[in-house]
Amino acid sequence: MKKQCVAMLLAGGQGSRLYALTSKVAKPAVPFGGKYRIIDFPLSNCVNSGIDTVGVLTQYRPLELNSYLGNGQPWDLDCFDGGVHILPPYVIQNDVGSWYKGTANAIYQNMGFIDLYDPDYVLILSGDHIYKMDYNAMLQHHKKVGAACTISVLEVTMEEATRFGIMNVDENDTIYEFEEKPKHPKSNLASMGVYIFNWKDLKHYLTVDEADPNSSNDFGKNIIPLMLAEGKKLSAYRFKGYWKDVGTIASLWDANMEMLNLNGGIDPYDDSWPIYSRKPIKPPHIIRENAKLSHSMITGGCDVDGLVENSILFSNVTVETGAQVKYSIIMPGAVIRAGAVVEYAIVAEDAEIGCGAHVGTSPTGEEGWNIAVVASDVGVVPGSTVAAGAMCTEPMKGGAAE
């Protein structure tokens, strides 16, 4: 049962900045890129990196995510001596236990699971980022430099650096200071939320942190600063590829649009690093005689008889005659009725846009764009309007959603 490295994937986040899109599912289960869920990317990275033991820590609205993961077969993680394991919070005897209080506490509560595999190293991941990364290359770097912890970083602009945990490093990329969302950052090396720890060190610091009643039980706020304060060697691992935190409506829309640009975002056609997913069993899509398509992704089960341009249609989407879909993301099972217009918008699963309705607005002048959102299972009634940037979360009775 011994493993060199076990991955722990933090997938319990509510994703409150995605508002209506996470009202019924956890953020890692949100559909992305036509046929994927956000969690597919870190899971596929694990498989492609040769890591076959993954604990997935769930908490907020876990049902759909748990069902999606199943036994891990789509990611080749249904192996007997490892595989994917769903790890929700639990209560042991004498009512000891609680919801996960923070990222570090989530790992602390699952130390028993990690000990089952007696690993030398533990890889900590977030379940809400879009990227391709070879974790094995990062592990080799970790071992080579003899670090107690290695943190993957990428260069951002100094303006963006105020939104991240920032690593200040010496000429050997050894971290000597960590700043959490600094107002005046000293460097532009931002943490990606990907960590590799020596398990013995991590186990010690998780135990110390849990005993501190004043701790936030968080890696960035507590564990990393404590290790630095006690002189442990922490190393920065520089990542050069595409990485996107899709924690907001704007960033989720942007990352999906970048999927249409094979030179600017994630390339789903790269056979050397495939992204695995649980594929729905749907018939081939049908493009009818009135359809006009350009620069879009259309997946299985779609029925299109209108105009679709610069958009992504997930499985089983219907676009009726005369409907227009522009610069939008239409999630599984959604229906765009005849004559409706959807532009610069995200339409969530099983929503219905009524005949002649108008969702979203094309940007004009220097105002930029604001993405309109229609939540899952919501019906937008015929002839009504959902304004740019509006959040339609309940069935409309007519008029306009602002």
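Values below: all heavy atoms of this structure, side chains included; hydrogens, waters and symmetry mates excluded.
Under the rule for a side-chain contact (heavy atoms from CB on, under 4.5 Å), the partners of Asp134 that lie at least two apart in sequence or sit in another chain are Ser49, Asn136, Ala137, Trp273. Partners of Lys2 by salt bridge (Lys or Arg N to Asp or Glu O under 4.0 Å), not counting sequence neighbours, listed by chain and number: Asp118, Asp120.
Pairing each heavy atom of Leu189 with each of Arg238, the nearest pair is CD2-NH1, 3.5 Å. Of all heavy-atom pairs spanning Val25 and Tyr60, the tightest one is O-CE2, 3.5 Å. Closest heavy-atom contact between His285 and Ile298: ND1-O, 3.6 Å. When all heavy atoms of His358 and Gly360 are compared, the pair lying nearest together is CD2-O, 3.1 Å. Taking every heavy atom of both residues into account, Pro225 and Phe219 meet most closely at CD-O, 3.9 Å.
The closest side-chain donor-acceptor pair between Thr318 and Asp303, if any, does not fall under 3.5 angstrom. Residues Tyr100 and Asn110 have side chains that bring a donor and an acceptor to within less than 3.5 angstrom of each other. Ser272 and Asp270 share a donor-acceptor pair across their side chains, judged by distance under 3.5 Å alone. With hydrogens and angles left out, the side-chain atoms of His142 and Ser235 include no donor and acceptor closer than 3.5 Å. Between Asn168 and Ser187, the side chains place a donor N or O and an acceptor N or O closer than 3.5 Å (distance only, hydrogens not considered).
To the nearest 0.5 Å, atoms CG (Asn45) and CE (Met133) are separated by 8.5 Å. Taking SG of Cys46 as the start and CG of Leu125 as the end, the distance is 5.0 Å to the nearest 0.5 Å. Residue Leu77 holds its CG atom at 9.5 Å from CG of Asn71, rounded to the nearest 0.5 Å. Residue Ile275 holds its CD1 atom at 9.5 Å from CG of Asp267, rounded to the nearest 0.5 Å. With rounding to the nearest 0.5 Å, the separation of NE2 in His129 from NZ in Lys27 is 6.5 Å. Once rounded to the nearest 0.5 Å, the distance linking CD of Glu160 with OG1 of Thr162 reads 8.5 Å.
Judged by distance alone, with hydrogens and angles left aside, the side-chain atoms of Asn222 form a donor-acceptor pair with the main-chain N or O of Asn217 at under 3.5 Å. Formation of a donor-acceptor pair under 3.5 Å by the Ser23 side chain with backbone atoms of Ala20 is found in this model. Although no hydrogens or angles enter the test, the distance criterion places a donor-acceptor pair under 3.5 Å between the side chain of Thr207 and the main chain of Lys203. Without hydrogens or angle criteria, Lys221 side chain to Ser215 main chain gives no donor-acceptor distance under 3.5 Å. Looking at Ser152, its side chain never comes within 3.5 Å of a backbone N or O of Gly193 through a donor-acceptor pair. At least one donor-acceptor pair under 3.5 Å links the side chain of His295 to the backbone N or O of Leu260. Without hydrogens or angle criteria, Ser44 side chain to Pro42 main chain gives no donor-acceptor distance under 3.5 Å. Without hydrogens or angle criteria, Arg37 side chain to Ala29 main chain gives a donor-acceptor distance under 3.5 Å. No donor-acceptor pair under 3.5 Å is formed between the side chain of Thr53 and the backbone N or O of Gly82. Using modelled atom types, no side-chain atom of Asn290 and backbone atom of Gly306 make a donor-acceptor pair closer than 3.5 Å.
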Check the pair Val359, Val374 against side chain to side chain contact (heavy atoms under 4.5 Å, CB included), reporting the backbone distance first and the verdict last.
-> CA-CA 8 Å; Val359 177; Val374 178; 4.0 Å; yes

Evaluate the criterion side chain to side chain contact (heavy atoms under 4.5 Å, CB included) for residue pair Ile249 and Ile346; output intermediate values, then yes/no.
-> CA-CA 9 Å; Ile249 295 295; Ile346 300 176; 4.2 Å; yes

For Met227 and Leu234, run side chain to side chain contact (heavy atoms under 4.5 Å, CB included): C-alpha distance rounded to whole Å, both residues' side-chain angles, the deciding distance at 0.1 Å, then the answer.
-> CA-CA 8 Å; Met227 294 181 73; Leu234 275 65; 4.0 Å; yes

From CA spacing to verdict: side-chain hydrogen bond (donor to acceptor under 3.5 Å, both in side chains), Ser376, Asp350 = CA-CA 6 Å; Ser376 296; Asp350 299 317; over 6 Å; no

Output, in order, the C-alpha distance, side-chain angles, deciding distance and verdict of salt bridge (Lys or Arg N to Asp or Glu O under 4.0 Å) for Arg288 and Glu320.
-> CA-CA 10 Å; Arg288 299 188 183 274; Glu320 292 186 345; over 6 Å; no

Leu123 and Tyr195: side chain to side chain contact (heavy atoms under 4.5 Å, CB included), yes or no, with the steps?
-> CA-CA 6 Å; Leu123 170 67; Tyr195 312 99; over 6 Å; no

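You'll find the side chain of Lys24 stays beyond 4.5 Å of the side chain of Glu349, heavy atoms only. For the pair Leu63 and Leu65, the minimum side-chain heavy-atom distance is 4.5 Å or more. Considering only heavy atoms from C-beta on, Pro119 stays 4.5 Å or farther from Gln4 through its side chain. Side chains of Lys132 and Trp243 form no contact here, defined as non-hydrogen atoms less than 4.5 Å apart. Between Thr22 and Val30, the closest side-chain pair of non-hydrogen atoms falls below 4.5 Å. Inter-residue side-chain proximity for Pro332 and Pro280 is flagged as unmet; no heavy-atom pair is nearer than 4.5 Å. Between Val194 and Ile124, the closest side-chain pair of non-hydrogen atoms is not below 4.5 Å. Two residues are said to be in side-chain contact when any heavy atoms from C-beta on lie closer than 4.5 Å; Ile196 and Cys149 fail this criterion.
A centroid separation of 6.0 Å or more is found between the aromatic rings of Tyr121 and Phe197. For His85 and Phe113, the gap between ring centers is short of 6.0 Å. Ring-centre distance between Trp75 and Tyr68: below the 6.0 Å cut-off. In this structure, the ring of Tyr36 has its center less than 6.0 angstrom from the ring center of Phe41. A centroid separation of less than 6.0 Å is found between the aromatic rings of Tyr344 and Tyr327.
One finds no salt bridge joining Asp40 and Lys35 here, because no Lys/Arg side-chain nitrogen approaches an Asp/Glu carboxylate oxygen to under 4.0 Å. We find that Arg337 and Glu352 are joined by a salt bridge, their nearest charged nitrogen and carboxylate oxygen being less than 4.0 Å apart. Comment: Lys186 engages Glu177 in a salt bridge, judged by a side-chain N to carboxylate O separation of less than 4.0 angstrom. Here Glu309 does not pair with Lys292 in a salt bridge; the nearest charged N to carboxylate O distance is not below 4.0 Å.
For Lys279, the NZ atom is densely surrounded, since the number of other residues' heavy atoms within 6.0 Å is greater than 12.
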